[in-house]
Structure formats: structure tokens, C-alpha cells
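Just so you know, residue 1 is the first one in the sequence shown, and it goes up from there.
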Amino acid sequence: MTRTDDRLLPVLLICAQALVWPGAWLVRGTVPSGASLLVWALVAGVVTAALALRRTRPVLALVVTAAACALGAGPLPAGAMAVLGTAGVALALFAVAVARDTFTTVLCGAALAGWQLLQDISLHGLSDRDGLDLVLTALLYAAACGAGIRVRRARATRRTAERRLRRAEAERHRLPAAERRRMERELHDVSAHHLTAVVVTAGAALGLRERRPEMADEALAFAAETGREVTRALGAVRGPAPSREGRPSPDERLLDLVAGFRRLGQEVDCEIDPLPEGTLADAAYGIVREALTNAARHAPGARTRVVCRHADTRTDIVVTSAAPPAGAAAHGTGLGGGRGTGFLRSRAREAGGTLSSGPTQAGGWEVRAVLPGRTASAAEGPETRGYRAAQLVVAAGLVLQPLLPALIIRADATSSGTDVSAGVLFALLAAAQAVALLWLRRSPLAARGALLGLALLWPVAMAAGGSTCPLYPSDASTE
């Protein structure tokens, strides 16, 4: 059903009610009193306006619809509220089931059935039909709640499927660019890390050639092995993303990385917490590798500290290198194209975090990244107990007020049926004005026009109900 047809549904209910009453009476030649027609028109207007708001404020629409139908059912003849009191209330309850959770839906249905039963007892007393009416009412409300819950779940399933479809479509367009960025970044990381190791080792071998020839041979052998690792790593970059199966754990990979830099002569201290597999671990490994590589290039021999703290709310990765020792030769200073910092920030951003880098007060360099923790994406939990308790208190308060209609409705048997008290007319006018106020923000001109029209009906309601204004008392009879 489209939105336009859905808006017309309350109007169709009013037309159906008009055919039942007063249409059926007019066909039989019985003309209702003006007061009864005024009450019916007010109830129909309030119910129509309330049902029009059932999408945005379903619980309020249900309460207003049920209260208006109850106020109108007292003074009006039997059948005058039959369609609005059944189909209108069921439609409002269906809207609650569609828009709200199951607890609220069941609570509204049970409270409405209990309130309606107590109201009938307070107005008409106990009768043999009360049990049958309660069963039929419970079946009607249960059907409305069940249908609404089913529709709500079907819509939620459809929305989930649509989100997945959009995500898959976006992923299909994003994958080529993402794979291209991955290969570019991996190529940079592999070349920066391994080639820096080769250059630093070869430079150390050249420095030891005269003084420690046995250490020079060992350094050259290490450089040759590192060069073979470069070849294997470049071959892996051309292929798809490597599988996570069979790889060491993230913290073990970080410890192996630190051990490799220690073999290059870097003094690296580390404090590494276990990390979960996934984007977070890959980002942490890439950030630490790039930071240690830059330290080996520009500050060879400087003490470096790696800290990786994985907590519930955040993951902190800090790599701090001291100033290079005096006289240390930086063999890898000329390597790199200056894109390492950009790749570091992209890694942190893809993992859902941020990264900053800069010099320290001691003359060194620090890279600090803040990534998500264990509970970074907390799911929306259920409603709090206080909110549920408030719902129960409100429902109980409404159910325990069945005498309210009896206080403002006076049904007196006459030859033409029933008379309408001024109280019910005033209550319906006040309810109509309250519903009109709800439309002020959405349709201010229509709401102001309705308020003006309803204000003009107050003298009519006073005259129809036989009430007099206390400011102008009738003249006392003279002797």
C-alpha cells in the first residue's frame, strides 16, 4: 500500500461509520438529534486526526482514538461508534505493533482490553455478555498485534536485505581500487622494510671490512638472505591478499618484527598485548613496521620503544625513538619517496582510528596511533528497566481509570433515545483542540484554522448540552 492510500484509510473508516450511523437511521426515517450529530462529528474528527499521526506517534494515536471512541460510545446510540471503536482502534494498535517493539505492543493491547472491560462494567454493570465481549476483543487485538509484528519483522528483513545489497554493490565497485591501494602500500612497505635492512646491513659490512672481517662476512650473508626475502615478498604482493590461516598470531608477528630490527643493531624495547586477527592486527603490524623502518633509516643505533596496548575502548600503538647517537652513520637516509606517513594514516583510518607523528622533546621521533578496542562498536541494547517500569506504571494508571467516562457522560433515557451532557461535548472539544495542536509544526495553517473552528463550537456545545455560563446567570424570578 502506498503512502497516499494509507492516508486515505482513516477517511474510509469514517465513511463506513457514517453508513452504519447515522446513515442507517436516516434510511429508516429516524433523524438523530443535533447534539448527537455534533458528538459524532467531533469523535470522527478526533479519530481521523489521531489516525493520521499513527506513523510518527502510534502510541499517542492509539490512546486518543480509544479515548475518543469511549467518550462517544456513552451518549450515542448503539452502533454509532461500532466501526471506529473496532476497526479504528485495531488500526491504531496495528500501527503500534509495526513501529514499536513487541513488549510495548503487548502492553498496549492488554491495557486497552482491560481498560475497555472495566469501562463497560462501570457504565453498564456486569452482564452475561461481558465474557464473550472480552474474548472477541482479545481475539481482535491479538490479531492486530500479530499482524503488525509480522509486518514489522518483514520490513526489518527487507531493510536488512537492501542494506546488504547496497553494501555488496558498493564493495563490488570498491574492491578493484582497494586491491590497487593494497598492492601499492604493500609494495612500499616491502621495499622500505627489506631494502632498508639490506642497505643498513651492507653499510655495516663495509664498515667492518677492515676491523672485523668475520663479522663482515656474516653481515653480507644476512644481506643476501634479506635480498631473497625481498624477491619472495614482491612475488606475494602481485597475488591476492594472503590467507590468515597458518600465520603466526598478531603479537608473535610483532615480536618477530622487533627481533629482526634487533639483528640490524637497533635497540628496541617492546610491550605488546595480544591482538585479535583482522584489520586491527594488520594495521598495528604495518604501523610498527613503518615506524621501526624509519628509525633504522634516520636514527641507526637509537633506542626505540614499541608499546601496543589493547583495551576495551581503544588500542594505543606508540613507537618512540630517541635521538641517534653521535657519529652514527645513517646508511638508509636517501631511501623512500616520502609517502610512508600517508600510508600510515591510511592504515589507521581504514582500521577506524587516527594517527599522529612528530618530534619529541628529547630530539627523537614518535608515532602514535589510536585504534578501536574490544568493544569499539557497542550494539544498541534493549530498553532500560526504568523505561519499562514507566511503561507499566502508565498502562496501569490508564487501566485503573475506568470511571473517568462515567464522570463526564450522562445518559438519560428519553422518548427520542438519549440526551448528551455538556461534559462529554466539552471533553471532545478539548480533545479535538489538543489533537489540532499536534499538527502545528507539520501544518500550521490547517492547525490554526481547526483551532479557530473548534473555538466557535464551544457556545454550540453549551447550548446543546443545556449548560449556562456562570458569568451570565439567568434572572431570578420575581415575586
Side-chain angles (χ1 to χ4, degrees), residues 185 188-201 203-204 207 250-275 279-373 376:
R185 190 169 56 202
H188 168 271
D189 291 348
V190 167
S191 61
H193 173 61
H194 291 85
L195 292 181
T196 297
V198 171
V199 172
V200 170
T201 306
D251 51 320
E252 292 177 350
R253 293 174 58 204
L254 286 174
L255 292 176
D256 293 340
L257 180 66
V258 170
F261 277 94
R262 287 172 178 169
R263 289 194 297 269
L264 294 177
Q266 292 291 116
E267 298 182 9
V268 183
D269 300 327
C270 63
E271 296 180 11
I272 299 174
D273 293 343
L275 297 175
T279 305
L280 176 64
D282 294 340
Y285 184 84
I287 291 171
V288 173
R289 180 173 60 181
E290 179 68 20
L292 290 179
T293 300
N294 290 335
R297 285 177 180 175
H298 306 289
R303 179 174 292 275
T304 305
R305 181 177 177 81
V306 178
V307 178
C308 179
R309 298 294 187 190
H310 184 56
D312 291 334
T313 58
R314 57 188 285 175
T315 300
D316 293 305
I317 299 173
V318 183
V319 181
T320 306
S321 60
H331 301 287
T333 303
L335 297 177
R339 305 180 63 185
T341 304
F343 285 129
L344 282 177
R345 290 197 174 94
S346 68
R347 281 189 180 276
R349 185 168 55 251
E350 290 178 4
T354 59
L355 183 138
S356 61
S357 60
T360 62
Q361 295 181 354
W365 192 265
E366 182 179 85
V367 175
R368 180 180 295 273
V370 180
L371 305 179

Check your understanding: Tell me, do Asp251 and Leu275 make a side-chain contact under 4.5 Å, heavy atoms counted?
Key -> no

Indicate every side-chain donor-acceptor pair of residues 353-364 with a distance under 3.5 Å to a residue at least two apart or in another chain.
from   : atom 1 : to     : atom 2 : distance (Å)
Thr360 : OG1    : Gly364 : N      : 2.9

**Study point:** Qualifying residues under salt bridge (Lys or Arg N to Asp or Glu O under 4.0 Å), relative to Glu252, sequence neighbours excluded
**Key:** none

Revision key, fill the gap. Salt bridge (Lys or Arg N to Asp or Glu O under 4.0 Å) filter on Arg305, not counting sequence neighbours, yields Glu271

Practice item. Kindly compute the distance separating CG (Leu280) from NE2 (His310), expressed to the nearest 0.5 Å. Key: 6.0 Å

Point to revise | Test item: Arg253 and Ile272 side chains (from C-beta on) under 4.5 Å apart, heavy atoms | key: no

Point to revise | Nearest non-hydrogen partners of Ile287 and Ala348, listed with the distance | key: CD1-CB, 4.4 Å

Check your understanding: Val306 pairs by side chain to side chain contact (heavy atoms under 4.5 Å, CB included) with which of Leu255, Val367, Leu254, Val268?
Key -> Val268

Practice item. Evaluate the side-chain proximity of Trp365 to Val319: yes if any heavy-atom separation is below 4.5 Å, no if none is. Key: no

Study note, to complete from the structure: Rounded to the nearest 0.5 Å, the CZ atom of Arg289 sits from the CG atom of Leu344 at a distance of 10.5 Å

Check your understanding: Considering only heavy atoms from C-beta outward, does the side chain of Val370 approach that of Thr315 to under 4.5 Å?
Key -> no

Revision key, fill the gap. The salt bridge (Lys or Arg N to Asp or Glu O under 4.0 Å) partners of Arg368 (sequence neighbours excluded) come to Glu366

Review point. Restricting to pairs with a member in residues 352-365, which pass salt bridge (charged side-chain N to carboxylate O under 4.0 Å, His left out), not counting sequence neighbours?
Key: none

Point to revise | side chain to side chain donor-acceptor pair (under 3.5 Å) involving Ser321 - partner list, sequence neighbours excluded | key: none

Practice item. Measure the spacing between CZ of Arg262 and CG of Leu257 and express it to the nearest 0.5 Å. Key: 10.5 Å

